[in-house]
Amino acid sequence: QVQLVESGGGLVQAGGSLRLSCAASGRTFSRYAMGWFRQAPGKEREFVAAISWSGGNTYYADSVKGRFTISRDNAKKMVYLQMNSLKPEDTAVYYCASGLTTKVNDFASWGQGTQVTVSS
């Protein structure tokens, strides 16, 4: 099991950038796939990005391709989400998650979330 804590959220104008961080604890962090999800008010939680345990494979939702980049540093037990060209529709609570694979349904451990608000 992995415990996760997100940070880096905040208020930003459309077109701006933010970098979210996820600090993980646990002996086997490097063996887990990691992902980012988000949930906007009145909407279901949606997949944003995922990265394999080695960092060699990444996956993105169509809505964020070309704008967001997921990365990880296993030595530091950290996962990041670089968000560029932010849009108001990116406004949501962003959650870090871990799982056995990068398949969406395999994510089992979740952080508490960090709020991202993008103004027009």
Side-chain angles (χ1 to χ4, degrees):
Q1 296 294 327
V2 179
Q3 294 191 27
L4 309 168
V5 179
E6 303 94 336
S7 63
L11 175 64
V12 64
Q13 292 184 218
S17 299
L18 282 175
R19 189 192 194 198
L20 305 184
S21 298
C22 174
S25 62
R27 300 177 189 174
T28 59
F29 168 78
S30 63
R31 292 161 52 187
Y32 283 89
M34 301 297 299
W36 287 95
F37 294 74
R38 66 187 183 187
Q39 187 168 25
K43 294 189 175 182
E44 297 180 353
R45 184 174 296 186
E46 66 174 337
F47 168 78
V48 175
I51 186 168
S52 61
W53 68 267
S54 67
N57 299 99
T58 57
Y59 307 88
Y60 298 93
D62 289 340
S63 60
V64 306
K65 286 181 179 177
R67 300 189 297 121
F68 291 10
T69 302
I70 186 171
S71 61
R72 67 189 298 164
D73 185 336
N74 289 343
K76 296 181 179 294
K77 295 184 177 181
M78 296 289 290
V79 183
Y80 308 97
L81 184 67
Q82 178 65 46
M83 306 186 294
N84 298 325
S85 302
L86 284 162
K87 306 174 181 179
E89 50 262 45
D90 293 319
T91 295
V93 176
Y94 283 70
Y95 298 90
C96 179
S98 66
L100 184 61
T101 76
T102 54
K103 294 180 179 179
V104 174
N105 291 337
D106 284 347
F107 287 98
S109 297
W110 300 82
Q112 294 299 306
T114 185
Q115 177 70 47
V116 172
T117 302
V118 184
S119 62
S120 300

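Reckoned from all heavy atoms, side chains included, excluding hydrogens, waters and symmetry mates. Worth saying up front: this structure is predicted, and the values here are computed from it rather than measured.
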Which value, rounded to the nearest 0.5 Å, describes the distance between Gln3 atom CD and Cys96 atom SG? 12.5 Å
Determine, using the 4.5 Å side-chain heavy-atom cutoff (strictly less than), whether Val104 and Trp110 are members of one ILVMFWY cluster. yes
Give the cluster check for Tyr59 versus Tyr95: same hydrophobic cluster or not, with ILVMFWY residues linked at side-chain heavy-atom distances below 4.5 Å. yes
Check Asp90 with Lys87, please: is the shortest side-chain N to carboxylate O separation under 4.0 Å? no
When every non-hydrogen atom of Ser21 is compared with those of Trp36, the smallest separation belongs to O-CH2, 3.7 Å
For Ile51 and Ser71, the nearest pair of non-hydrogen atoms, with its separation, is CD1-CA, 3.8 Å
Minimal non-hydrogen separation, Ala50 against Phe107, with atom names: CB-CZ, 4.0 Å
CG/Leu100: more than 12 non-hydrogen atoms of other groups inside 6.0 Å: no
Looking at Asn74 and Trp53, would you say the former's side chain and the latter's main chain have a donor-acceptor pair under 3.5 Å? yes
Val116 versus Leu18: any side-chain heavy-atom pair under 4.5 Å? yes
Approximate separation, where rounding is to 0.5 Å, of Lys77 NZ and Cys22 SG: 12.5 Å
Considering non-hydrogen atoms only, spot the tightest contact between Ala92 and Ala40 and give its length. CB-N, 3.8 Å
Are any side-chain N or O atoms of Arg72 and backbone N or O atoms of Gly55, one a donor and one an acceptor, separated by less than 3.5 Å? no
Treating Ile, Leu, Val, Met, Phe, Trp and Tyr as nodes and any side-chain heavy-atom pair under 4.5 angstrom as an edge, say whether Val118 and Leu20 lie in one connected cluster. yes
Shortest non-hydrogen contact from Pro88 to Ser120? CG-OG, 3.7 Å
Please give me the minimum heavy-atom distance between Met78 and Ala23, naming the atom from each residue. SD-CA, 3.5 Å
Whether the side chain of Glu6 engages the backbone of Thr114 through a donor-acceptor N/O pair (distance < 3.5 Å, no angle test) should be reported. no
Once you measure the plane-to-plane angle for Tyr94 and Phe68, does it fall in the parallel (<30°), tilted (30-60°) or perpendicular (>60°) bin? tilted
To the nearest 0.5 angstrom, please state how far the OG atom of Ser7 sits from the CZ atom of Arg19. 10.0 Å
Judged by atom type as modelled, is there a donor-acceptor pair below 3.5 Å linking the side chain of Ser52 to the main-chain atoms of Asn57? yes
Does Glu89 CD have over 12 foreign heavy atoms under 6.0 Å away? yes
Rounding to 0.5 Å, atoms CZ (Phe47) and CZ (Arg38) come to a distance of 11.0 Å
Applying the 4.5 Å side-chain criterion to the ILVMFWY set and letting contacts propagate, would Tyr60 and Leu86 be lumped into a single cluster? yes
If you group Ile, Leu, Val, Met, Phe, Trp and Tyr by side-chain heavy-atom gaps below 4.5 Å, do Ile70 and Leu4 land in one group? yes
From Thr91 atom OG1 to Gln115 atom CD, the distance as rounded to the nearest 0.5 Å: 7.5 Å
